[in-house]
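Following: one structure in structure tokens, then a few remarks.
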Amino acid sequence: MKICMIGTGYVGLVSGACFADLGNVVCCVDNDTQKIDMLKNNQIPIYEPGLEEIVNNNYIAGRLKFTTNLDWAIKNCDIIFICVGTPAFKNKHSADLHYVFDVAKKISQNINNFKIILTKSTVPVSTGEKIQKIISKKAKKKLFEVVSNPEFLREGEALRDFRFPDRIVVGSNNKKVAKKLKNLYDPLIKKGANFFSTSRRGAELIKYASNAFLATKISYINEIANLCEKTGVNVEDVAIGIGLDKRIGSRFLRAGPAYGGSCFPKDTKAITVTGDKFKINLSIIKSVIKSNEKRKALLTERIKKILSNKIKNKKIAFLGVTFKPNTDDMRQSSSLKMLPYLQKKGAKIYYYDPSGEKKEFTKLKNVRFCQDIASACNDVDLVIIHTEWEEFKALDFRKLSKGKKFKIYDMRNLYSPNLMKQKGFNYYSVGRYGN
Ligand SMILES: NC(=O)c1ccc[n+]([C@@H]2O[C@H](COP(=O)([O-])OP(=O)(O)OC[C@H]3O[C@@H](n4cnc5c(N)ncnc54)[C@H](O)[C@@H]3O)[C@@H](O)[C@H]2O)c1
């Protein structure tokens, strides 16, 4: 089948490359010329383990193409995935859908034969109807079908998530089209993926309800961690103890910084707007949003406390600044609040992230990117482990400290407090008594 992915970002590029790997001919389109030029020159614009190989293999095999020519791509494909961004409006909770609607307009102008149009972008309930309305202005109804096919891949594990998804959700009010899409996903279904066909609105809501639920789990364990710190309990014990209950499950119960990334923050907000629109108060999700905001301030306060409220001229190493490991995505990472705050208070910051230097910090005075862990930790007063990248999990702190007694704030609980104490380190973590 000839497939077109409109938007070649984290979702469009990964799914496009994976669909090509399944034997389809895929055209990835983006209006970012630089991105498309990079891809045509075998350079991958995002950090995603394993992606380079699969993109290059399929590009060489002729199954994967890159273009900025949207009109051409629409005309030459049968299945069109909309994978553009749906960010939150600035200072508002609702989703900015103008990228999606711009694409819908373009599709309407280029429909030349029957097309299945799937929305992989995360969009509020009833957006499918709006897309259909836009396309109907120029194209005959029988020439297209708008379907919701939300994407559940996680950055950092995106290839595995595409190839072995827990479920594939297809929201279509047209049974024939749903069957066709089942065929498209057949190789994944054969490997064990659940295929769930539902209404278009149902699929749209499933995506938001999933993300809001996962965000709730994170905020929940983060608040329990606060209680653990006061009551002499280890939050990991609580997480294991409750997670063994199959109704609860053990995943997404790791205490740490506020949740971030390109999805949870905006999706939790957008679903509350949908709730308000339909006069349903999604009060649980609203408090999750508040709790998460508070968490950013709480952990920053904690840094201040660890430094005995003396931040000026303190040298601080940040290990990891992305919102999670194995991605270069900085969107809504809690480091975006912490670093500028500490810098403003007069700290000198040295950060290292395996995914490289971040444009978000280049203009900040006294914030410097270091090429490796040792240079970032050289002669500092405090080492903060912000992101749980693999290479931070077995650090030789004695070697890194070079005799200078620095403090360690492990926001991801990668080390054992007892062992660290035995070794004589001034070690702080999250949700564990006594630190
Ligand atoms: N990133 C994730 O982990 C993830 C996971 C599941 C779902 N989603 C959802 O998928 C959607 C895309 O997310 P993303 O992270 O891939 O976004 P992204 O910002 O990485 O990529 C979007 C791409 O769309 C391009 N674009 C915008 N308008 C265009 C147009 N008119 N024509 C062609 N290209 C255009 C942009 O240049 C950009 O490259 C969002 O709705 C997001 O919520 C994201």
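Atoms within a ligand are numbered from 1 in the order they appear, just like the ligands themselves. Everything numeric in this text was worked out from a predicted model, so none of it was measured.
Taking every non-hydrogen atom of Gly85 and a distance limit under 4.0 Å, the qualifying atoms of ligand 1 come out as 22 (C). Residue contact check: Gly7 has heavy atoms under 4.0 Å from atoms 23 (C), 24 (O), 25 (C), 34 (N) of ligand 1. Residue-ligand proximity, Arg331 to ligand 1, at heavy-atom distances under 4.0 Å covers atoms 15 (O), 17 (O), 19 (O), 20 (O). Within ligand 1, counting atoms from 1 as listed, the ones closer than 4.0 Å to a heavy atom of Cys83 are 12 (C), 22 (C). Taking a cut-off of under 4.0 Å to the non-hydrogen atoms of Thr86, the atoms of ligand 1 that pass are 40 (C), 41 (O), 43 (O). Interface atoms of ligand 1 facing Lys35, defined by a heavy-atom separation under 4.0 Å, are 38 (C), 39 (O). Annotation for ligand 1: atoms under 4.0 Å from non-hydrogen atoms of Ser121 are 10 (O), 11 (C), 41 (O).
Residue contacts with ligand 1, taken as heavy atom pairs separated by less than 4.0 Å, involve Ser262 solely via side-chain atoms from C-beta onward. Only the side chain of Cys263 comes within contact range of ligand 1, with a heavy atom under 4.0 Å; no backbone atom does. At a 4.0 Å heavy-atom cut-off, ligand 1 does not touch Arg154 at all. Contacts between Gln34 and ligand 1 below 4.0 angstrom, taking non-hydrogen atoms only, are absent altogether. Residue-level proximity to ligand 1 for Tyr99 is carried by the side chain, the only part with a heavy atom below 4.0 angstrom. Within the 4.0 Å heavy-atom criterion, the part of Val103 lying near ligand 1 is the side chain and not the backbone.
Remark: aromatic rings of Phe114 and Phe144 are distant, center separation not under 6.0 Å. Between Tyr59 and Phe66, the gap from one ring centroid to the other is short of 6.0 Å. Between Phe81 and Phe19, the ring center distance clears the sub-6.0 Å criterion.
Taking any N or O of Val11, backbone or side chain, at least one lies under 3.5 Å from an N or O belonging to ligand 1. Note: no N/O pair closer than 3.5 Å links Lys207 and ligand 1 by distance alone. Looking at Asp329 next to ligand 1, no N or O pair under 3.5 Å apart turns up. The N/O atoms of Asp30, backbone and side chain alike, include one that comes under 3.5 Å of an N/O atom in ligand 1.
A salt bridge links Glu390 with Lys393: the distance from a Lys NZ or Arg NE/NH1/NH2 to an Asp or Glu carboxylate oxygen falls below 4.0 Å. For the pair Glu145 and Lys180, the salt-bridge criterion is not met [side-chain N within less than 4.0 Å of a carboxylate O]. A salt bridge does not link Asp71 to Lys75: none of the charged side-chain nitrogens sits closer than 4.0 Å to a carboxylate oxygen. Ionic pairing of Lys290 and Glu293 is not present here: no N-O contact between side-chain nitrogen and carboxylate oxygen is shorter than 4.0 angstrom. A salt bridge is defined here as a Lys NZ or Arg NE, NH1 or NH2 lying under 4.0 Å from an Asp or Glu carboxylate O, and Lys266 with Asp96 fails to meet this definition.
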For Asn149 and Lys120: C-alpha separation, side-chain torsions, deciding distance, then whether side-chain hydrogen bond (donor to acceptor under 3.5 Å, both in side chains) applies. CA-CA 5 Å; Asn149 177 215; Lys120 262 206 184 295; 3.1 Å; yes
Check step by step if side-chain hydrogen bond (donor to acceptor under 3.5 Å, both in side chains) holds for Thr127 and Glu204. CA-CA 8 Å; Thr127 304; Glu204 288 169 339; 4.9 Å; no
Using ring pair (Phe, Tyr, Trp, His ring centres under 6.0 Å), reason through Phe397 and Tyr427 one step at a time and then give a plain yes or no. CA-CA 11 Å; Phe397 288 107; Tyr427 175 80; 7.6 Å; no
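With values rounded to the nearest 0.5 angstrom, Ile36 atom CD1 is found 4.5 Å from Thr8 atom OG1.
Residue contact check for ligand 1: Lys266 places a non-hydrogen atom closer than 4.0 Å to it.
Shown here are the ring-ring contact (aromatic ring centres under 6.0 Å, His included) partners of Tyr47, two or more places apart in sequence or in another chain: Trp389.
Here the closest heavy-atom approach between residue Ile224 and residue Val238 is recorded as CG2-CG1, 4.0 Å.
Atom 6 (C) of ligand 1 has its closest protein heavy atom at Glu151 O, 3.2 Å. In terms of protein heavy atoms, atom 21 (O) of ligand 1 is closest to Gly9 CA, 3.3 Å. In this structure, atom 9 (C) of ligand 1 lies nearest to the protein heavy atom Thr122 OG1, 3.4 Å. Closest to atom 5 (C) of ligand 1, if we only count protein heavy atoms, is Leu153 O, 3.4 Å. Nearest protein heavy-atom contact of atom 11 (C) of ligand 1 is Val84 O, 3.4 Å.
The number of heavy atoms from other shown groups lying within 6.0 Å of CZ (Phe369) is above 12.
Nearest to atom 1 (N) of ligand 1 by heavy atom, out of Glu155, Met5, His98, is Glu155. The option with the heavy atom closest to atom 31 (N) of ligand 1, from among Asn31, Asn211, Ile82, Asp102, is Asn31.
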